A.B. asks: 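This structure is in structure tokens; I'll ask about it shortly.
Residue numbers count from 1 along this sequence. As the structure is a prediction and not an experimental result, all values here were calculated from the model.
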Amino acid sequence: MAKRAQAKAGDMSRLEITFDKPALITSVFGEFDRNLVAIENSLGVYISARGNKVQIEGEAAATARARDVLQNIYSRVMRGEEIEMEVVQAAIAMTDEPDLGGIARKDTSKEPEVMIRTRKRTLVPRSPMQKPYMEALARDDIIFALGPAGTGKTYLAVAQAVAMLITGAVDRLILSRPAVEAGERLGFLPGDMKEKVDPYLRPIYDALYDCLPAEQVERRIESGEIEIAPLAFMRGRTLSDAFIILDEAQNTTAAQMKMFLTRFGMNSRMVIAGDPQQVDIPGGEQYSGLNDAVSRLEGVDGIETVRFTSADVVRHPLVGRIVDAYEGPSA
């Protein structure tokens, strides 16, 4: 672990961190110290580095956050993770806690990290709400994941589903989303069934290929272990021993959502992901099956609701600002 010493003067603070493994410093700092520059620009602190020692100067709260960010990055490098700029931005966002009224910040450096392991990668939380979401994915039977694009709602659900499939915890994955643009009248589209629905399910395919080698994805789809289908194909089924994901759930009607939820079978897990602010069905949010279901089921034992915000967007930082602009008051 990094060793810390602190010296304060009024509202300003100077922290020093000594990293135990100098060989990892280049990865922690980034090429041309770009990670340090990002932390300085985001938190308004000054960081100077000499060897394996780092000094941070600035307002007390900001220096404490910068220290936590560097320790977070150091821990990730210790685990063999590749540190990209979006990881640094996510680490900064995760330190953005509300004022604790003078209570000391909790030191989470020794807490066990929540993670999802798949064949191709190991995923850890990269935003404030991703940790409780990943905990819910491992614990609860039905999870509603609400929030804007880019927060990892569907991606992490697919990763958890893959992890449970390869360990034998479930026998199959069932991944679905409504084909709103086609009105679910898929017969009007050219091509066979796969060609009709693939454009609507591409984000789910992308997540699968990130978590499993391509040949395994294709083999498991052919064998039926992984099933990707439009929502209309769920009617009349009971889905046992399965991990079931409904993406873009805000575009279901109340009747469709009830149909989907009642497919739940023994030894199954279900994730319903969507953005309540992006309803494409006629009638808008008032007629969204996702909003209706959350209002009825939130607080029911065995059902967890996780709400993401723009602070949880793990794409380019500008995406979070765009979300804020669209969700704020009209000009």
Side-chain angles (χ1 to χ4, degrees), residues 133-134 136-138 140-165 170-184 186 196-208 211 221 225-281 285 287-298 300 302-308:
Y133 181 47
M134 291 169 71
L137 288 172
D140 296 299
D141 293 331
I142 297 178
I143 302 102
F144 287 98
L146 315 178
T151 52
K153 304 184 303 294
T154 303
Y155 191 90
L156 290 174
V158 172
Q160 178 68 25
V162 168
M164 293 182 69
L165 180 66
V170 296
D171 294 336
R172 54 185 173 153
L173 311 186
I174 300 173
L175 312 171
S176 183
R177 66 187 295 183
V180 168
E181 294 84 350
E184 297 239 4
L186 299 172
K196 293 176 192 289
V197 302
D198 271 4
Y200 303 103
L201 302 171
R202 179 50 41 189
I204 294 177
Y205 279 107
D206 291 342
L208 279 173
C211 296
I221 289 175
E225 287 181 85
I226 297 177
E227 179 182 347
I228 305 176
L231 178 61
F233 282 50
M234 298 295 106
R235 191 173 300 279
R237 305 175 63 183
T238 299
L239 306 174
S240 301
D241 300 300
F243 198 116
I244 311 136
I245 300 172
L246 177 61
D247 192 25
E248 299 291 340
Q250 75 275 5
N251 289 327
T252 61
T253 65
Q256 287 173 325
M257 179 61 73
K258 180 182 178 182
M259 178 274 292
F260 180 79
L261 289 168
T262 53
R263 302 309 93 199
F264 190 75
M266 299 297 294
N267 192 38
S268 289
R269 188 154 301 170
M270 182 177 282
V271 177
I272 300 98
D275 182 356
Q277 305 297 319
Q278 296 293 323
V279 178
D280 297 320
I281 60 174
E285 296 176 27
Y287 294 93
S288 170
L290 176 62
N291 294 340
D292 179 69
V294 171
S295 68
R296 294 174 184 271
L297 300 175
E298 189 167 14
V300 172
I303 298 178
E304 182 67 36
T305 301
V306 179
R307 288 180 169 85
F308 294 92

A.B. asks: Looking at every non-hydrogen atom in both residues, tell me the closest pair between Leu239 and Ser268 and how far apart they are.
C.D. replies: O-OG, 2.7 Å
A.B. asks: Atom OG of Ser288 and atom CD of Gln278: how far apart are they, to the nearest 0.5 Å?
C.D. replies: 11.5 Å
A.B. asks: My understanding is that only residues two or more places apart in sequence, or in another chain, count here; which of them pass side-chain hydrogen bond (donor to acceptor under 3.5 Å, both in side chains) with Asp241?
C.D. replies: Asn267
A.B. asks: Among Ile303, Ile174, Leu261, find the one that has a side chain to side chain contact (heavy atoms under 4.5 Å, CB included) with Met270.
C.D. replies: Leu261
A.B. asks: Quick one: are Leu290 and Leu246 in side-chain contact, heavy atoms under 4.5 Å?
C.D. replies: no
A.B. asks: Can you confirm whether Thr252 sits close enough to Phe260 that some side-chain heavy atom of one is under 4.5 Å from a side-chain heavy atom of the other?
C.D. replies: no
A.B. asks: Between the main-chain N or O of Ala161 and the side-chain N or O of Arg269, is there a donor-acceptor pair closer than 3.5 Å?
C.D. replies: no
A.B. asks: Hey, what do you get for CD (Glu248) to CD1 (Ile281), rounding to the nearest 0.5 Å?
C.D. replies: 12.0 Å
A.B. asks: With the side chain counted from C-beta on, respond yes when Gln256 and Leu231 share a heavy-atom pair under 4.5 Å apart, and no when they do not.
C.D. replies: yes
A.B. asks: Nearest 0.5 Å, please: how far is CG in Leu165 from CD in Glu225?
C.D. replies: 5.5 Å
A.B. asks: Among all residues two or more places apart in sequence or in another chain, which pass the side-chain hydrogen bond (donor to acceptor under 3.5 Å, both in side chains) test with Asp292?
C.D. replies: Arg296
A.B. asks: Going through the checks in order, is the side chain to side chain contact (heavy atoms under 4.5 Å, CB included) test met by Asp247 and Ile204?
C.D. replies: CA-CA 8 Å; Asp247 192 25; Ile204 294 177; 4.2 Å; yes
A.B. asks: Using the salt bridge (charged side-chain N to carboxylate O under 4.0 Å, His left out) criterion, which residues pair with Asp141? Sequence neighbours excluded.
C.D. replies: none
A.B. asks: Does some side-chain heavy atom of Gln160 sit less than 4.5 Å from a side-chain heavy atom of Val271?
C.D. replies: no
A.B. asks: Could you list the residues that satisfy ring pair (Phe, Tyr, Trp, His ring centres under 6.0 Å) with Phe308, not counting sequence neighbours?
C.D. replies: Tyr133
A.B. asks: So how far is it from Ile228 CD1 to Arg177 CZ, rounded to the nearest 0.5 Å?
C.D. replies: 11.5 Å
A.B. asks: Looking only at non-hydrogen atoms, find the nearest pair between Ser240 and Gly265 and report the distance.
C.D. replies: OG-CA, 3.8 Å
A.B. asks: Under the 3.5 angstrom rule, does the side chain of Lys258 hit a backbone N or O of Thr253 as a donor-acceptor pair?
C.D. replies: no
A.B. asks: If you take all heavy atoms of Leu156 and Leu137, which pair is closest and at what distance?
C.D. replies: O-CD1, 3.7 Å
A.B. asks: If you take all heavy atoms of Gly274 and Gln250, which pair is closest and at what distance?
C.D. replies: CA-OE1, 3.2 Å
A.B. asks: Going from CZ on Arg307 to CG on Leu146, what distance comes out if it is rounded to the nearest 0.5 angstrom?
C.D. replies: 5.5 Å
A.B. asks: With rounding to the nearest 0.5 angstrom, report the CD1 to CG distance, Ile221 to Leu175.
C.D. replies: 8.5 Å
A.B. asks: Going by the rule side-chain hydrogen bond (donor to acceptor under 3.5 Å, both in side chains), which residues pair with Ser176 if we only count those two or more places apart in sequence or in a different chain?
C.D. replies: none
A.B. asks: With a 4.5 Å limit on heavy-atom distance, are the side chains of Val279 and Asn251 in contact?
C.D. replies: yes
A.B. asks: Give me the atom names and distance for the closest heavy-atom approach of Pro276 to Asn291.
C.D. replies: CB-OD1, 3.3 Å
A.B. asks: Identify, with sequence neighbours excluded, every residue that meets side-chain hydrogen bond (donor to acceptor under 3.5 Å, both in side chains) alongside Glu227.
C.D. replies: Arg237
A.B. asks: List the atom of Met259, the atom of Arg263, and the distance in Å for their closest heavy-atom pair.
C.D. replies: O-NE, 2.7 Å
